[in-house]
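Only heavy atoms go into these numbers, but all of them, side chains included; no hydrogens, no water, no symmetry mates.
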Protein chains: 2
Amino acid sequence: MTNPTSQTTRIWTSLLTVSQDLTDSIEAELKTHGLPKLSWYDALLEIEKAGADGIRPYELKERLLLPQYGTSRLLDRIAKAGLITRQDVENDGRGQIIRLTPKGRDTRKVMWPIYAAMLVRSIEHRLSNSEAVALGRLLSKLAKPRS
Amino acid sequence: MTNPTSQTTRIWTSLLTVSQDLTDSIEAELKTHGLPKLSWYDALLEIEKAGADGIRPYELKERLLLPQYGTSRLLDRIAKAGLITRQDVENDGRGQIIRLTPKGRDTRKVMWPIYAAMLVRSIEHRLSNSEAVALGRLLSKLAKPRS
DNA sequence: CCTATTTAGATGCAATTGCATCTACTAGGA
DNA sequence: TCCTAGTAGATGCAATTGCATCTAAATAGG
């Protein structure tokens with residue numbers, strides 16, 4: 001059995017703790033401002049990017065790395081909050097199209113500065129420019145080869 | 001409002017997707033072998049490290065970055081599976097001491113090679129030695145200053 | 001056409017998580 | 001001692017997640 005090197009283990013534990021710490025503090029910050037969670041933000045952003053054409057739930061699920069039922073229920077909740085609309089597709093009777101409402105656009109816009117400030121504070125301020133470039137490059141080497 | 005640089009954003013998204021992908025694939029691998037989840041592994045490892053002295057739940061919670069109630073319930077489940085024992089503390093009537101059972105030790109031991117293989121495959125094989133050192137160093141710069 | 005497969009999405013039910021609160025015990029004064 | 005805070009841990013209840021399955025519609029093969 002091949003054991004990982006100590007560097008590998010160190011990378012793995014840092015990866016986990018860093019991403020969990022950041023996620024937790026961003027979520028906490030959003031919550032103190034009475035705003036929705038990160039998962040909502042991600043969904044709202046993808047839907048906004050899709051523009052007036054909207055986006056199909058199955059596409060969203062791929063971009064957000066969520067399971068199908070998770071996507072379905074996330075959309076339920078976001079729709080209940082009035083941030084998106086669901087419209088039946090005409091040429092495919094199974095599907096629907098998700099679009100952002102003005103309120104959804106607003107919500108994302110309000111969330112962004114808070115989110116952004118945390119990223120700047122937790123990442124940008126801790127790395128020099130060349131370190132940031134290097135880290136970006138190294139992390140992308142660990143990303144799954146696109147399926 | 002200060003927007004993050006594109007490097008910052010890139011780091012953040014990679015950080016999230018990489019750690020989620022790795023976590024998901026390790027969990028999946030453990031599950032196909034009929035083994036418990038990563039969170040159990042982490043707990044078992046910390047408890048094992050504590051040795052015969054055992055460990056108090058409040059210490060465990062700090063090391064695992066779990067909320068208090070999460071720790072309490074995780075320990076419930078692990079105990080129900082017979083992997084740990086809970087013993088009342090004598091000099092502090094509120095507390096308890098957690099220790100690993102032989103079965104708990106075995107379980108961790110069986111989980112490790114599977115876990116390890118995934119780490120080697122997903123991290124070690126994708127980085128040169130010097131890249132690994134660099135990545136470890138950069139990630140640790142992002143870690144929360146110890147409270 | 002007609003049947004078998006596949007795809008998009010929803011949903012019942014169990015397990016887990018989050019939140020708030022509760023109990024029991026300890027510690028620190030007055 | 002008595003009262004007040006603080007700490008360790010558990011727990012009721014609501015929200016979320018995971019799993020398996022289900023429905024409806026599209027597509028493929030004969």
Inset, instruction - Quickly work out the A:L75 CG to C:dT11 C1' distance and round it to whole Å. - result: 15 Å
Legend entry - Distance test, side-chain N/O of B:R77 to OP1/OP2 of C:dT17, below 4.0 Å: yes
Legend entry - Distance in angstrom units between B:L60 CG and D:dA8 C1', rounded: 13 Å
Inset, instruction - Would you indicate, yes or no, if D:dC19 has its OP1 or OP2 atom less than 4.0 angstrom from a side-chain nitrogen or oxygen of A:R73? - result: no
Legend entry - Closest nucleotide among D:dG9, D:dT17, D:dA25 to the A:Y69 side chain: D:dT17
Legend entry - A:Q96 vs C:dA10: side-chain N/O to OP1/OP2 distance below 4.0 Å: yes
Inset, instruction - Would you check if there is a donor-acceptor pair between the side chains of A:T9 and A:S6 at a distance under 3.5 Å? - result: no
Inset, instruction - Using only heavy-atom distances, determine whether the side chains of A:Q87 and A:R99 contain a donor-acceptor pair under 3.5 Å. - result: yes
Inset, instruction - Tell me which of A:D92 and A:S39 sits closer to the 5' end of DNA chain D, going by the nucleotide each one is nearest to. - result: A:S39
Inset, instruction - Find the distance A:I84:CD1 to C:dG9:P and express it as a whole number of Å. - result: 12 Å
Inset, instruction - Please state whether the base of C:dG9 and the side chain of A:R56 form at least one donor-acceptor pair under 3.5 Å? - result: no
Inset, instruction - Specify the separation, in whole Å, of atom CD of B:E62 and atom P of D:dG9. - result: 10 Å
Inset, instruction - Using a 4.0 Å heavy-atom cut-off across all strands, classify A:G70 as base, sugar-phosphate, or nothing. - result: nothing
Legend entry - For atom CD of A:Q68 and atom P of D:dT23, their distance in whole Å: 15 Å
Inset, instruction - Considering just the side-chain nitrogens and oxygens of A:S72, establish if one lies under 4.0 Å of OP1 or OP2 belonging to C:dG9. - result: no
Inset, instruction - Using whole Å, report how far CZ of A:R94 lies from C1' of C:dA10. - result: 14 Å
Legend entry - Value in whole Å for how far the C1' atom of C:dA27 lies from CG of B:N91: 14 Å
Inset, instruction - Can you tell me the distance, in whole Å, between the CG atom of A:D76 and the P atom of C:dG9? - result: 12 Å
Legend entry - side-chain N/O A:R86 vs C:dA10 OP1/OP2, d < 4.0 Å: yes
Inset, instruction - Output yes when a side-chain donor or acceptor of A:T101 lies under 3.5 Å from a complementary backbone atom of A:L83, and no otherwise. - result: yes
Inset, instruction - For A:G95 and for A:K31, locate the closest nucleotide of DNA chain C by heavy-atom distance; then report the residue assigned to the nucleotide nearer the 5' terminus. - result: A:G95
Legend entry - Heavy-atom donor-acceptor pair, B:E48 side chain to B:L45 backbone, under 3.5 Å: no
Legend entry - A:R121 atom CZ: more than 12 heavy-atom contacts under 6.0 Å: no
